[in-house]
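Heavy-atom basis, side chains included; hydrogens, waters and symmetry copies ignored. Throughout, protein chains are lettered first and strands after them, A, B, ... in sequence-line order, and every chain is numbered starting at 1.
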2 protein chains.
Amino acid sequence: MKESDQIQKPREGTLSQLAALLKILAEPNRLLLLERIMAGVQCNCDLGNALSLAPNLVSHHLSVLCDSGLVDARRSEDDGRWIFYSINESKLKALNELLAGFFDVSRIQSGSTCCGKKLTGE
Amino acid sequence: MKESDQIQKPREGTLSQLAALLKILAEPNRLLLLERIMAGVQCNCDLGNALSLAPNLVSHHLSVLCDSGLVDARRSEDDGRWIFYSINESKLKALNELLAGFFDVSRIQSGSTCCGKKLTGE
DNA sequence: ATTATAGTTCAATGGTTGTTGAACTAATTT
DNA sequence: AAATTAGTTCAACAACCATTGAACTATAAT
């Protein structure tokens with residue numbers, strides 16, 4: 001299932017999308033794969049060797065990353081057995097902005113409430 | 001000086017740390033709690049009411065957030081039953097920079113390799 | 001002291017998901 | 001055609017974790 005529309009600005013009350021996206025990223029092997037692909041387009045076998053990861057695991061995590069839209073896959077025109085993985089730059093940019101927008105220190109407001117009562121000093 | 005020079009290549013340790021941190025954030029209720037606390041310091045009961053969440057669940061998720069350092073807890077001097085939760089601004093800033101540093105489009109490199117062979121055109 | 005309020009801790013449960021190994025498809029080579 | 005290489009899909013397993021409900025601690029009000 002394609003879920004490439006996960007990287008969007010969250011609507012009011014629906015942080016589930018952001019959570020789902022973070023969940024995808026909250027995996028060491030996937031971060032390693034992302035890092036590797038950011039360092040240059042790679043094929044499955046190279047990625048597996050570099051990470052000492054079984055091919056099916058590489059395939060699994062790459063499919064998750066591809067579903068998120070963050071990574072693109074392209075079959076080689078030279079040798080159809082090879083598949084090249086690359087970062088979707090616009091999606092990465094959107095992700096960056098989404099995260100920066102949510103975890104923004106300027107959103108922090110002062111003022112306390114407790115049990116429905118507004119507090120001033122404390 | 002290029003920006004990419006400032007971003008040191010993350011080692012496996014820091015990558016696991018990043019994954020662990022993302023895992024903490026990859027939870028809808030915790031994002032809701034964070035958002036709520038960003039909108040103003042809150043106590044457990046208010047947070048529970050606002051999110052329609054059982055008190056023990058609120059407590060659980062808040063403890064996870066507190067353990068991460070992103071949220072601070074302070075018992076009220078006025079009424080010891082109340083505990084106020086607030087965003088640790090410096091931690092949030094550090095988180096923001098960490099994420100911005102990792103998911104940085106300027107890290108994307110061109111050039112492909114496949115099965116150990118460097119590719120030029122393709 | 002008794003009751004009420006605020007919050008935590010515990011054990012059990014259920015769903016999700018990373019991992020494993022094997023079987024499978026697809027493209028190329030001999 | 002057969003064998004090789006590249007990569008995927010499948011079923012089963014194991015570990016993690018959010019949720020639930022109940023019991024528990026602590027502070028304050030009556």
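Rounding to whole angstrom units, CD1 of residue B/Ile83 and P of C/dG7 are separated by 6 Å. Computed from coordinates, the B/Phe84 CZ to C/dA6 C1' distance equals 12 Å when rounded to whole Å. Rounded to whole Å, the distance from CZ on B/Arg81 to P on C/dT3 is 17 Å. The CG-C1' distance, from A/Asn29 to C/dT20, rounds to 14 Å in whole Å. The interatomic distance linking A/Arg30 (CZ) with C/dT19 (P) rounds to 8 Å, in whole Å. Atom pair B/Asp79:CG and C/dA4:C1' shows a separation of 12 Å (rounding to whole Å applied). Remark: P of C/dA6 and CG of B/Asn49 are 9 Å apart, rounded to the nearest angstrom. Atom P of nucleotide D/dT8 and atom CG of A/Leu62 are separated by 7 Å, given to the nearest angstrom.
Each of B/Ser63 and A/Lys23 was matched to the nucleotide of DNA chain C holding its nearest heavy atom; the match closer to the 5' end belongs to B/Ser63. Along DNA chain C, the nucleotide nearest to A/Ala54 and the one nearest to B/Tyr85 differ in position, and the one closer to the 5' end is contacted by B/Tyr85.
In this model, the phosphate group of D/dG7 is not approached by any side-chain N or O of A/Arg75 to a distance below 4.0 Å at OP1 or OP2. An OP1 or OP2 oxygen of D/dT19 is reached within less than 4.0 angstrom by a side-chain nitrogen or oxygen of B/His61. Residue B/Asn56 places no side-chain N or O under 4.0 Å from the OP1 or OP2 atom of D/dC24. For D/dA18, the OP1/OP2 oxygens have a side-chain nitrogen or oxygen of B/His60 closer than 4.0 Å.
To the nearest 0.5 Å, atom CG of residue B/Leu32 and atom CG of residue B/Leu51 are 4.5 Å apart. Atom CD1 of A/Ile24 and atom CG of A/Leu70 lie 8.5 Å apart (nearest 0.5 Å).
Note on the helix from C/dA1-D/dT30 to C/dT30-D/dA1: angle between the axes of the first and last five pairs equals 10°, rounded to 10 degrees.
Remark: the backbone N or O of A/Asp72 is not paired with any side-chain donor or acceptor of A/Asn88 at under 3.5 angstrom.
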- Message: Does A/Asp104 form a side-chain hydrogen bond (donor to acceptor under 3.5 Å, both in side chains) with A/Ser106? I'd like the steps, not just the answer.
- Response: CA-CA 5 Å; A/Asp104 183 358; A/Ser106 73; 2.8 Å; yes
- Task: Determine, step by step, whether B/Leu99 and B/Leu22 satisfy the side-chain contact (heavy atoms from CB on, under 4.5 Å) criterion, reporting the C-alpha distance in whole Å, the side-chain angles of both residues, the deciding distance to 0.1 Å, and the verdict.
- Result: CA-CA 9 Å; B/Leu99 296 178; B/Leu22 289 171; 3.8 Å; yes
- Message: Is there a side-chain contact (heavy atoms from CB on, under 4.5 Å) between A/Leu34 and A/Ile87? Walk through the geometry before answering.
- Response: CA-CA 8 Å; A/Leu34 269 181; A/Ile87 301 290; 3.7 Å; yes
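In terms of heavy-atom proximity, B/His61 sits nearest to B/Glu27 at CE1-OE1, 3.6 Å.
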